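This report concerns only the one structure given below.
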2 protein chains.
Amino acid sequence: MRNKQKQLQVRDVQDVINVIGGRWRGAILASLCDKEKRFNELKRDLGSITPRTLIKELKYLEMNKLVQRREENHQLNAYTYRLTEHGHSLEPLIASIVVWGQKHRSLILGQKE
Amino acid sequence: MRNKQKQLQVRDVQDVINVIGGRWRGAILASLCDKEKRFNELKRDLGSITPRTLIKELKYLEMNKLVQRREENHQLNAYTYRLTEHGHSLEPLIASIVVWGQKHRSLILGQKE
DNA sequence: AATAGCACTATCTTTTAGGATACCGGATTT
DNA sequence: AAATCCGGTATCCTAAAAGATAGTGCTATT
């Protein structure tokens, strides 16, 4: 019973890592926590991501109901990506990640820059 | 300035994902939250991981000062892996991940099982 | 009318993670 | 002394992730 619980936790962690893991997914979500963004805006924000990867990740996040793509007003060729409600529920988690990440960097990586 | 801050957060998230990301790292850490464990114990706990991968990940986690490998008493051929203090500082984060993961599963994956 | 920006798509290639499998030396059990 | 368990190594292989690069159709700007 105790053990079963453990097993589950291991699986939960793996599930979440699937969703926010990888080189970009977490970063995209973090960037969208700030505010909704357009494709190229996101691209600039993330630095070195390629359009191929960005669109792939965005579609994945859409499929998982974390991100929503909507046409801006009625202008064609203008879309924004924003967090869904479910996506927003990740914000505290991401915030904790950022905090721990800063601590980790200063501890391990010697806070260069 | 504001923008710089954003950039940093994106990097922080990526750093943390590096540390706890991938198919196994988060799971290993979660398993070690419970208590210190030996190699084969961990292996059993994680289910389908291969020894090659497990040792690789453990070494990575050691390098990043999250896990510590120690000889048990004075018996040769008996080692335990445990979280360092820094590793333990991840516990709340992992707990949040588990909680969100459960919510996500019931929402998206339809809580099968 | 031409140029440039937006939001992608397509193709090709490299990189990386991680699985499969076999093996190894030392310690322990029988 | 033989078999088994522990804590790994060593090799080989595959699939998936992601980079590089070029091109597309539409719109907005000058």
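Here is the naming used below: chain letters follow the sequence lines, and residue numbers restart at 1 for every chain. Because the structure is predicted, anything quoted here is derived from the model rather than measured.
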Legend entry - Reading 5' to 3' through nucleotides 19-30 of chain C, protein heavy-atom contacts under 4.0 Å coded B for base, S for sugar-phosphate only, - for none: BB----BBSS--

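- To the nearest angstrom, P of dA18(D) lies 12 Å from CG of Leu46(A).
- Note: CG (Leu54(A)) to P (dC6(C)) measures 14 Å, nearest angstrom.
- The separation between Ile17(A) atom CD1 and dA17(D) atom C1' is 16 Å, rounded to whole Å.
- No donor-acceptor pair closer than 3.5 Å links the side chain of Arg82(B) to the backbone N or O of Arg70(B).
- Residue order along DNA chain D, read from the 5' end via each residue's closest nucleotide, puts Glu41(B) first among Gly21(A) and Glu41(B).
- Between the C1' atom of dT16(C) and the NZ atom of Lys56(B) lies a distance of 8 Å, rounded to the nearest Å.
- Residues Leu61(A) and Arg25(A) meet the side-chain proximity criterion, which asks for heavy atoms closer than 4.5 Å.
- When the C1' atom of dG25(D) is taken as reference, atom CZ of Phe39(A) falls 15 Å away, rounded to whole Å.
- Taking the screw axis at each terminus of the helix from dA1(C)-dT30(D) to dT30(C)-dA1(D) from five consecutive base pairs, the angle between the two is 10° to within rounding of 10 degrees.
- Looking at heavy-atom distances under 4.0 Å, Lys59(B) makes contact with sugar-phosphate atoms alone, never a base.
- Neither OP1 nor OP2 of dT27(D) sits under 4.0 Å from any side-chain N or O of Tyr79(A).
- A straight line from NZ of Lys37(A) to C1' of dA7(C) spans 17 Å, rounded to a whole angstrom.
- Using modelled atom types, no side-chain atom of Thr84(B) and backbone atom of Gln68(B) make a donor-acceptor pair closer than 3.5 Å.
- Residues Leu83(B) and Leu66(B) fail the side-chain proximity criterion, which asks for heavy atoms closer than 4.5 Å.
- The listed nucleotides are dG7(D), dG8(D), dC8(C); the one nearest the side chain of Arg38(B) is dG7(D).
- Within 4.0 Å (heavy atoms only), Glu57(A) reaches sugar-phosphate atoms of the nucleic acid but no base atom.
- Residues passing the side-chain contact (heavy atoms from CB on, under 4.5 Å) test with Arg38(B), sequence neighbours excluded: Glu41(B), Glu72(B), Ala78(B), Thr80(B).
- Within 4.0 Å (heavy atoms only), Tyr60(A) reaches no atom of the nucleic acid at all.
- Side chain to side chain, Trp100(B) and Ser89(A) meet the donor-acceptor criterion of an N or O pair below 3.5 Å.
- In the model, Glu91(B) has a side-chain atom that pairs as donor or acceptor with a side-chain atom of His88(B) under 3.5 Å.
- The nearest heavy atom of DNA chain D to Asn40(B) and to Gly22(A) marks one nucleotide each, and the one closer to the 5' end goes with Asn40(B).
- With Gln14(B) contributing its side chain and Arg23(A) its backbone, the two residues share a donor-acceptor pair below 3.5 Å.
- dC6(D) atom C1' lies 13 Å from atom CD of Glu71(B), rounded to whole Å.
- Nucleic acid contact class of Arg69(B) (heavy atoms, under 4.0 Å, all strands): sugar-phosphate only.
- The shortest distance between side-chain heavy atoms of Lys37(B) and Tyr81(B) does not fall below 4.5 Å.
- Distance CD1 (Ile55(A)) to C1' (dG23(D)): 16 Å, rounded to an integer number of Å.
- Under a 3.5 Å cut-off, the side chain of Lys43(A) and the backbone N or O of Pro51(A) do not form any donor-acceptor pair.
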